[in-house]
Amino acid sequence: KCRVYCSPYIVVDESDPLKKSLEFDNLFVFNNKICFLELKNGNISRNKVFEFIGKVRMVEEKYKLKVNKIMVFGTGLRDPLFNKQNNFRELGIFDINDYRSDFKEFFRFLTN
C-alpha cells in the first residue's frame with residue numbers, strides 16, 4: 001500500500017539533464033522510508049550491486065537525503081558474497097529463493 005514510481009530518471013547534473021541523469025527501476029516511500037529497488041533478470045553479481053549502490057549514493061549526495069532501504073531483487077541466485085549477513089542494514093539482496101517463499105524475507109527487511 002504505497003505509491004511506486006517505475007523507471008524514473010533522477011537528474012544529477014542540471015547542465016544537461018537528458019544525458020546526466022540516472023535511471024532506477026523502482027522508487028517508493030514505505031512507512032516514511034525512502035526505498036530504491038533494482039530488479040535484475042538472472043543472477044545477482046557483486047558488480048551490479050555495487051554499481052547500483054553507487055547510483056543511490058550519488059542521488060543522496062546530490063539531493064542531501066538519506067535512502068533508508070536499498071534493495072536488489074533478481075530472478076536468479078545471488079553472488080555468494082551476499083549469502084552472509086551484510087554490514088549495511090539498509091541493503092537487502094533477494095534472489096529466486098525469496099520469490100519461491102512468497103517474498104517473506106523481502107517484506108521482513110522492508111518493514112524493519
Side-chain angles (χ1 to χ4, degrees):
K1 294 185 177 184
C2 63
R3 289 187 180 177
V4 176
Y5 301 92
C6 297
S7 297
Y9 289 90
I10 297 178
V11 175
V12 291
D13 185 345
E14 292 83 7
S15 68
D16 192 351
L18 294 177
K19 290 184 181 176
K20 297 180 180 175
S21 62
L22 300 172
E23 181 183 8
F24 291 91
D25 292 333
N26 284 288
L27 307 175
F28 58 94
V29 175
F30 182 78
N31 287 343
N32 293 321
K33 295 177 185 172
I34 300 171
C35 306
F36 280 53
L37 176 63
E38 176 76 0
L39 304 170
K40 289 290 166 208
N41 189 14
N43 293 334
I44 304 166
S45 71
R46 60 184 76 181
N47 287 346
K48 293 296 181 184
V49 170
F50 296 138
E51 178 183 312
F52 178 60
I53 292 170
K55 286 174 34 176
V56 172
R57 297 294 185 233
M58 286 179 79
V59 170
E60 287 180 320
E61 185 175 315
K62 166 72 177 164
Y63 292 99
K64 308 292 187 243
L65 57 86
K66 176 69 179 134
V67 174
N68 304 103
K69 298 288 182 177
I70 302 168
M71 300 160 289
V72 178
F73 207 110
T75 60
L77 298 174
R78 64 182 138 196
D79 185 299
L81 173 71
F82 304 116
N83 286 340
K84 297 179 183 176
Q85 180 68 18
N86 62 53
N87 294 330
F88 302 101
R89 294 182 49 170
E90 74 272 12
L91 176 63
I93 310 290
F94 307 96
D95 63 15
I96 190 67
N97 293 314
D98 194 49
Y99 169 78
R100 290 177 179 149
S101 67
D102 254 356
F103 304 103
K104 288 178 186 170
E105 289 300 316
F106 174 79
F107 288 115
R108 184 178 302 131
F109 174 80
L110 187 59
T111 56
N112 285 330

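Residue numbers run from 1 in the order of the sequence given. From a predicted model like this one, the values you see are computed outputs, not experimental measurements.
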Exercise. So do the side chains of Asn43 and Asp79 get within less than 4.5 Å of each other, counting heavy atoms only?
Worked result: no

Problem set entry | Within-4.5 Å side-chain heavy-atom neighbours: Val72 and Phe82 | no

Exercise. What's the shortest heavy-atom distance between Ile44 and Phe94, and which atoms?
Worked result: CD1-O, 3.1 Å

Exercise. Would you call Lys40 and Glu51 a salt bridge, using N to O less than 4.0 angstrom?
Worked result: no

Exercise. What pair of heavy atoms forms the shortest contact from Phe52 to Leu37, and how long is it?
Worked result: CZ-C, 3.9 Å

Exercise. More than 12 heavy atoms of other residues, nucleotides or ligands under 6.0 Å from CZ of Phe103: is that the case?
Worked result: yes

Problem set entry | Closest non-hydrogen atom pair between Thr75 and Asn41, with its separation | OG1-OD1, 3.1 Å

For this session: Search all heavy atoms of Glu60 against all heavy atoms of Val67 and return the closest pair with its distance.
Result: OE2-N, 2.7 Å

Exercise. Between OH of Tyr63 and CE of Met58, what distance do you get to the nearest 0.5 Å?
Worked result: 10.5 Å

For this session: Taking Asn31 for its side chain and Lys33 for its backbone only, find out whether a donor-acceptor pair lies under 3.5 Å.
Result: no

Problem set entry | Minimum side-chain heavy-atom gap Ile53-Phe36 below 4.5 Å | no

Exercise. Would you call the rings of Phe106 and Phe73 parallel, tilted or perpendicular, where under 30° means parallel and over 60° means perpendicular?
Worked result: perpendicular

Exercise. For the atom pair CZ (Arg100) and CG (Asp95), what is the distance rounded to the nearest 0.5 Å?
Worked result: 8.5 Å

Exercise. Are a donor atom and an acceptor atom from the side chains of Asn47 and Ser45 found within less than 3.5 Å of each other?
Worked result: no

For this session: Could you check if a side-chain atom of Leu27 sits within less than 4.5 angstrom of a side-chain atom of Ile10, using non-hydrogen atoms only?
Result: yes

Problem set entry | Which atom of Phe28 lies closest to which atom of Met71, heavy atoms considered | CZ-CE, 3.7 Å

Problem set entry | Polar side-chain atom of Asn68 near backbone of Ile34 as donor-acceptor pair, under 3.5 Å | yes

For this session: Search all heavy atoms of Thr111 against all heavy atoms of Phe30 and return the closest pair with its distance.
Result: CG2-CE2, 3.8 Å

Exercise. Where the side chain of Arg78 meets the backbone of Ile93, is there a donor-acceptor pair that is under 3.5 Å apart?
Worked result: yes

For this session: Output yes when a side-chain donor or acceptor of Lys55 lies under 3.5 Å from a complementary backbone atom of Glu23, and no otherwise.
Result: yes

For this session: In plain terms, say whether Lys62 and Glu14 are close enough for a salt bridge, that is, a side-chain N and a carboxylate O under 4.0 Å apart.
Result: yes

For this session: Flag the pair Lys66 / Glu90 as yes when at least one side-chain heavy-atom distance between them is below 4.5 Å, and no otherwise.
Result: yes

For this session: Taking Asp25 for its side chain and Leu39 for its backbone only, find out whether a donor-acceptor pair lies under 3.5 Å.
Result: yes

